[in-house]
Amino acid sequence: MKAESRLAPPATRRGAGLRFLLVLMAVAAVYGASAAATEFHPVVVVRDADVFVQLLGEMWPDNRERWVFLLTDFLPRLKVPFIQTLQIAILGTLAGAVLAVPFVVLASNNLTRNPVVYAAAKALMNLLRTVPELLYASIFVAAVGFGPFPGVLALTVFSMAIVAKLTSESVEAVDPGPLEALEAAGATRAQVIAYAVVPQVLPLFVSYVLYVFEINVRVSTVLGLVGAGGIGQQLQLMLSLFQYENAFIIILATFVLVAAIDYASARVRARLV
Amino acid sequence: MALLVVRGLRVRYPGAQEDALRGVDLELAPGEFVCVLGPSGAGKSTLIRCINRLVEPASGQIIWDGHDAMRLKGAHLLAYRRQIGMIFQEFHLVDRLPVLANVLMGRFGYVSPWQAAIGRYGPQEVAWARQALARVGLAGYELRRARDLSGGQRQRVAIARALVQRPRLMLGDEPVSNLDPVTARAIMALLAEINRRDGLTMLINLHSVDLARAFATRVIGLSRGQVAFDGPPSRVDRSVLEQVYGTAG
Ligand SMILES: Nc1ncnc2c1ncn2[C@@H]1O[C@H](COP(=O)(O)OP(=O)(O)O)[C@@H](O)[C@H]1O
Ligand SMILES: [Mg+2]
């Protein structure tokens, strides 16, 4: 027994080494196949590097007057589309969070005892979550036309699904003790939820909403590419007019905005949980 | 007249191979202090959860104050439950909330849903909650968070929460199993004092034979879902314990 256990580790390590090699080969094979299918060649990246450098050169404003013009004249004109981008993100997040609440109740097995209703709600949230936001946006643009409205709709559906899924998982993990105690005292279902469940999950819910807001700010900057409003529509316009300097300023400002919101939101979330 | 009559109670949990309760008969007279003993898995928790209808029995009768409690539904079921207080091994408080908020939850069976929804209690409810806290020795702890209290103090909060229900029966599911021996004895003494002074009937599951002997007016021994002993604590001797806990115990 003792000799066996002394022999065992090298054997497993050999096994692990072989497994690692196999996984590595599998990953390489998948990468190769994908690269072939998408006609992506690392060689091309190196060969056409000068094209990228040239594009970067065209994006970079080359004299002081351009910089002054871009920052004092062009940048302020981006205020409205940028605010619209934030508004899309805020509205989509808030509407999604509110709509998520009933689904949180339905998709938590300790609040919804009917297995059919529970399974249906869970499945719906999982299904809605698998569709990418930009796909939603394209669908809603097709349905209601160009502009910020389809963007808000897209983010609403997506936010609702994520917030409902994450929150219902937290609800299912709450301490069941207080629920039982209140039920035993003759509390109604609504009272049990309001007093035994909400206090336990509210900080988590808020943190999930903030997390989804971070995602939504990111997404709302590119919603314009499919015609769903916001700063992305300006970026799209500048690129199609070959106004690369202007596009560069938009990208730079987007980067600053997203980073600032990520930073602030992460700080708040760290305090919540 | 008996406060509670249980007849032929059978429980089978979904997916279980055998019954958790196999025909339990039991009568409680007002003012009794009954302790239920039995090895773990005997069905002690199941029995008291059937009494306040947290667990649905497969068959059997529960007669409360002369009325059939098995037929109760909806608002009537809630009104039945609020007459029965319950305390637990793990206290089951909402840890994030203050002590007073936890105690006021004992009034949920009485306030209208919209009152509770907006968190409004009348001055009378708050006064009762404060009185109950004083009664369990926690005057001045109203605004402390439940999670900052010791185990014994939390169980006292849970008792206060049950008392504001103005219950006619108190159920306890091993309420002192999580406490050190000195604190456990103090909590049992508090329950005994409430039993004597208010005449509140007690049905308390215990795993300590000594505590049952010290505080009960009557002991029920449960063994594998059946009543194996029912009598005064003075009659709980070695042979009774062997019957209840099996020869290993
Ligand atoms: N929720 C449940 N689902 C399935 N079986 C259960 C459940 N609760 C208890 N049981 C079973 O019922 C029997 C009685 O359990 P319980 O009433 O908790 O006993 P005790 O409180 O005396 O330890 C045990 O065999 C236990 O495994
Ligand atoms: Mg038990």
Side-chain angles (χ1 to χ4, degrees), chain A residues 98 100-102 104-106 108-119 166-210 268-273, chain B residues 14 45 48-49 51-55 72 74-98 101-119 145-147 154 157-158 161-167 170-171 173:
Chain A
V98 170
V101 172
V104 169
V105 175
L106 295 176
S108 300
N109 59 10
N110 48 351
L111 300 182
T112 298
R113 300 270 155 77
N114 185 328
V116 178
V117 174
Y118 165 75
L166 292 175
T167 311
S168 65
E169 274 162 13
S170 300
V171 168
E172 289 176 344
V174 299
D175 173 9
L179 281 74
E180 188 183 35
L182 295 194
E183 211 180 340
T188 61
R189 189 145 223 72
Q191 287 169 330
V192 172
I193 292 172
Y195 286 87
V197 179
V198 169
Q200 294 192 64
V201 296
L202 193 59
L204 290 168
F205 174 77
V206 173
S207 121
Y208 298 146
V209 171
L210 282 172
V268 176
R269 284 197 288 129
R271 279 171 158 243
L272 278 170
V273 195
Chain B
S45 302
I48 63 169
R49 280 171 177 73
I51 289 173
N52 62 8
R53 298 274 313 274
L54 289 178
V55 168
L72 299 174
H76 295 289
L77 178 59
L78 300 185
Y80 168 62
R81 282 182 180 152
R82 76 185 184 196
Q83 301 175 63
I84 302 176
M86 190 169 183
I87 53 177
F88 307 83
Q89 182 173 346
E90 307 279 352
F91 324 125
H92 292 181
L93 303 175
V94 181
D95 288 342
R96 293 172 48 87
L97 294 181
N102 270 285
V103 175
L104 281 164
M105 290 181 197
R107 297 300 298 170
F108 277 172
Y110 293 89
V111 298
S112 73
W114 74 267
Q115 272 180 306
I118 57 172
R145 275 201 196 200
R147 71 154 155 245
R154 286 163 172 222
V157 174
R161 178 178 64 190
L163 287 181
V164 296
Q165 287 176 239
R166 308 258 145 149
M170 177 85 99
L171 303 173
D173 194 11

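Each chain gets a letter, A, B and so on, in the order the sequences are listed, and its residues count up from 1. These figures come from a predicted structure and were not determined experimentally.
For chain A, the nearby part of B:L54 is the side chain; its heavy atoms alone come within less than 4.5 Å. With a threshold of 4.5 angstrom between heavy atoms, B:L97 approaches chain A through side-chain atoms but not through N, CA, C or O. There is no contact between A:A190 and chain B, counting heavy-atom distances below 4.5 Å. Heavy-atom distances place the side chain of B:Q165, and not its backbone, under 4.5 Å from chain A. Interface remark: B:R49 contributes side-chain atoms only to the contact with chain A (heavy atom separation under 4.5 Å). Only the side chain of B:R161 comes within contact range of chain A, judged by heavy atoms closer than 4.5 Å.
In this structure B:R147 satisfies the side-chain contact (heavy atoms from CB on, under 4.5 Å) test together with B:D95, B:R96, B:R145, B:R154, sequence neighbours excluded.
In this structure, B:M105 and A:Q191 have side chains that are not in contact, with every pair of non-hydrogen atoms separated by 4.5 Å or more.
To the nearest 0.5 Å, the span separating NE2 on B:H92 from CG on A:D175 amounts to 6.5 Å.
Residue A:P199 comes nearest to B:V94 through the heavy atom pair CB-CG1, 4.0 Å, listed as atom of the first residue, atom of the second, then distance.
The choice from A:P176, A:A181, A:A196 that makes the most heavy-atom pairs within less than 4.5 Å of chain B is A:A181.
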